[in-house]
Undergrad: 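Below is the structure I would like to discuss, written out as structure tokens.
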Amino acid sequence: MTVRSVPPRFRDPQLTSYTFLTSVLVRCPRCAAPARIGPLPETAHGGTAASGGQRRVLCPGCGLSRRAGRGPVFRYGPGPAVDPWFGFPLWLQARTRHGVLWAYNLEHLDLIRRFVAASLRERAPWYETGRKMTAVARLPAWVQRAGNRDEVLRAIDRARGSLLH
């Protein structure tokens, strides 16, 4: 077992999952390589990720390029995690005995890692203004449980390592 340095404190930056939708890593349906979903060039500065905007998927492996014909539709439940525009499986996901851990991109995965690894996790008090349901507040209970920390960190490492292979 490797020795990990545990960050003493994590303060919730109050980011929502929508924050991470500007660039989403998915499995290409044609070649099964990592592909990226991002905004179309003409909408890169118009609209926000939260409002949906026009999206396209680009695969550097096979050259696949598709434009989303609809706005985002979020699907939750059993099975693999998928992107909200095309329904392609997310690239950054790892199965654990508790469920599937997933992230939209490396920044999202890093936020989850910092939260899970911290021994002290602080959220904004209820009376502060701001977002109440942040990305870390919406994590499943099994991810938040300190007893599952090592298993979840291993799953995060597997998901991150999948980009290197």
Undergrad: Quick check for you: to the nearest 0.5 Å, what is the distance between W102 atom CH2 and I156 atom CD1?
TA: 13.0 Å
Undergrad: Find the distance between CD (Q144) and CD1 (I112) and round it off to the nearest 0.5 Å.
TA: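 One gets 11.0 Å once the value is rounded to the nearest 0.5 Å.
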Undergrad: For the pair Q93 (side chain) and P80 (backbone), establish whether a donor and an acceptor sit closer than 3.5 Å, ignoring hydrogens and angles.
TA: no
Undergrad: Measure the spacing between NE2 of H108 and CG of L90 and express it to the nearest 0.5 Å.
TA: 9.5 Å
Undergrad: Inspect the contact between R114 and D110 and indicate whether a charged nitrogen and a carboxylate oxygen are less than 4.0 angstrom apart.
TA: yes
Undergrad: Atom CG of L58 and atom CG of L64: how far apart are they, to the nearest 0.5 Å?
TA: 8.0 Å
Undergrad: So which atom in P60 and which in P34 form the shortest heavy-atom distance, rounded to 0.1 Å?
TA: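 That closest heavy-atom pairing would be CD-O, 3.6 Å.
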Undergrad: Please find the pair of heavy atoms, one from L21 and one from R55, that lie closest to each other, and give the distance.
TA: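 Closest approach of L21 to R55: O-NH2, 3.6 Å.
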Undergrad: Among residues at least two apart in sequence or on other chains, which ones pass salt bridge (Lys or Arg N to Asp or Glu O under 4.0 Å) with R97?
TA: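 Partners of R97 under the salt bridge (Lys or Arg N to Asp or Glu O under 4.0 Å) test: E151.
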Undergrad: How close do F86 and A68 get, counting heavy atoms only, and between which atoms?
TA: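 For F86 and A68, the tightest heavy-atom pair comes out as CZ-N, 3.5 Å.
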Undergrad: Closest heavy-atom contact between Y104 and P84?
TA: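 Heavy atoms of Y104 and P84 come nearest at CE2-CD, 4.3 Å.
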Undergrad: Do any N or O atoms from the side chain of R121 and from the backbone of V116 form a donor-acceptor pair under 3.5 angstrom?
TA: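 Present.
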Undergrad: Hey, what do you get for CG (L109) to CG (L101), rounding to the nearest 0.5 Å?
TA: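 Going from CG on L109 over to CG on L101, the span is 7.0 Å.
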Undergrad: Give a yes or no answer on whether the side chain of R30 reaches the backbone of G63 with a donor-acceptor pair at less than 3.5 Å.
TA: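 No: the side chain of R30 does not pair with the backbone of G63.
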Undergrad: Which residues pass the side chain to side chain donor-acceptor pair (under 3.5 Å) test with N148, not counting sequence neighbours?
TA: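 Scan of N148 (side chain to side chain donor-acceptor pair (under 3.5 Å), adjacent residues dropped) gives H98.
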Undergrad: Just so I know, are the side chains of D83 and W91 near enough to count as touching, which here means a heavy-atom distance under 4.5 Å?
TA: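 When only atoms from C-beta onward are counted, W91 and D83 do not touch, as no gap falls below 4.5 Å.
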Undergrad: Starting at CZ of R56, measure out to CD1 of I37 and round the result to the nearest 0.5 Å.
TA: 12.0 Å
